[in-house]
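Scope of the values below: all heavy atoms of this structure, side chains included, with no hydrogens, waters or symmetry mates. Starting from 1, each residue takes its place in the sequence as its number.
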Amino acid sequence: MTQNNNHQTLKESDDKLLKLVEEALLRRATGYEDASGKAVPPDVRAAMYWLENRCPERWKKNRSPVKDDDPQQLLTDDETAL
């Protein structure tokens, strides 16, 4: 097998494993029924992880109204109070 074919095979294997892990995380986040028929409830932490990584602009924990790398634009507590 050539190096290029070997690389392609490894990439395909990684893609399959990634898909399996993504599906398992989504099942864990939304709840599922195990092999014995027992309902496994949704896992809030798995759901949070999924959302924070799939939609970070909406779900990231430490969002800031300004760029973190610009200290002159940081808002005071009074400015961020609702």
Side-chain angles (χ1 to χ4, degrees):
M1 186 180 288
T2 67
Q3 186 175 7
N4 195 22
N5 285 342
N6 191 26
H7 177 72
Q8 182 65 25
T9 302
L10 288 174
K11 176 153 178 32
E12 288 172 4
S13 178
D14 284 350
D15 290 344
K16 288 178 185 177
L17 289 173
L18 178 61
K19 185 174 174 79
L20 285 173
V21 172
E22 287 174 336
E23 289 171 357
L25 178 60
L26 182 58
R27 277 194 312 274
R28 180 78 179 185
T30 59
Y32 62 97
E33 193 172 289
D34 69 12
S36 67
K38 180 181 175 189
V40 177
D43 181 320
V44 173
R45 292 183 75 174
M48 288 172 54
Y49 185 83
W50 178 268
L51 291 168
E52 288 171 4
N53 285 284
R54 300 291 280 201
C55 302
E57 65 282 352
R58 290 180 57 194
W59 292 98
K60 189 174 178 183
K61 288 181 190 177
N62 298 319
R63 290 186 307 184
S64 175
V66 295
K67 290 185 178 181
D68 293 334
D69 61 350
D70 189 355
Q72 293 188 5
Q73 288 197 20
L74 293 177
L75 301 177
T76 66
D77 288 339
D78 290 338
E79 291 172 317
T80 59
L82 296 176

Rounded at 0.5 Å granularity, tell me how far [atom1] in [X] sits from [atom2] in [Y].
| X | Y | atom1 | atom2 | value |
| --- | --- | --- | --- | --- |
| Thr30 | Leu25 | OG1 | CG | 9.5 Å |
| Arg27 | Glu23 | CZ | CD | 6.5 Å |
| Glu22 | Leu17 | CD | CG | 11.0 Å |

In chain order, what residues pass the salt bridge (Lys or Arg N to Asp or Glu O under 4.0 Å) check against [X], with sequence neighbours excluded?
| X | result |
| --- | --- |
| Asp14 | none |
| Glu12 | none |
| Lys16 | none |

Check your understanding: So does Asp15 pair up with Lys11, basic N to acidic O under 4.0 Å?
Key -> yes

Review point. Rest of the hydrophobic cluster containing Tyr32 (Ile/Leu/Val/Met/Phe/Trp/Tyr, side-chain heavy atoms under 4.5 Å)?
Key: Val40

Review point. Does any pair with a residue in residues 40-56 pass side-chain hydrogen bond (donor to acceptor under 3.5 Å, both in side chains), and if so which ones, sequence neighbours excluded?
Key: Arg28-Asp43

Practice item. Compare every heavy atom of Ala29 with every heavy atom of Pro42, then report the nearest pair and how far apart it is. Key: CB-O, 3.3 Å

Exercise for review: Applying side-chain contact (heavy atoms from CB on, under 4.5 Å), name anything that partners Lys38, two or more places apart in sequence or on another chain.
Suggested key: Asp34, Ser36

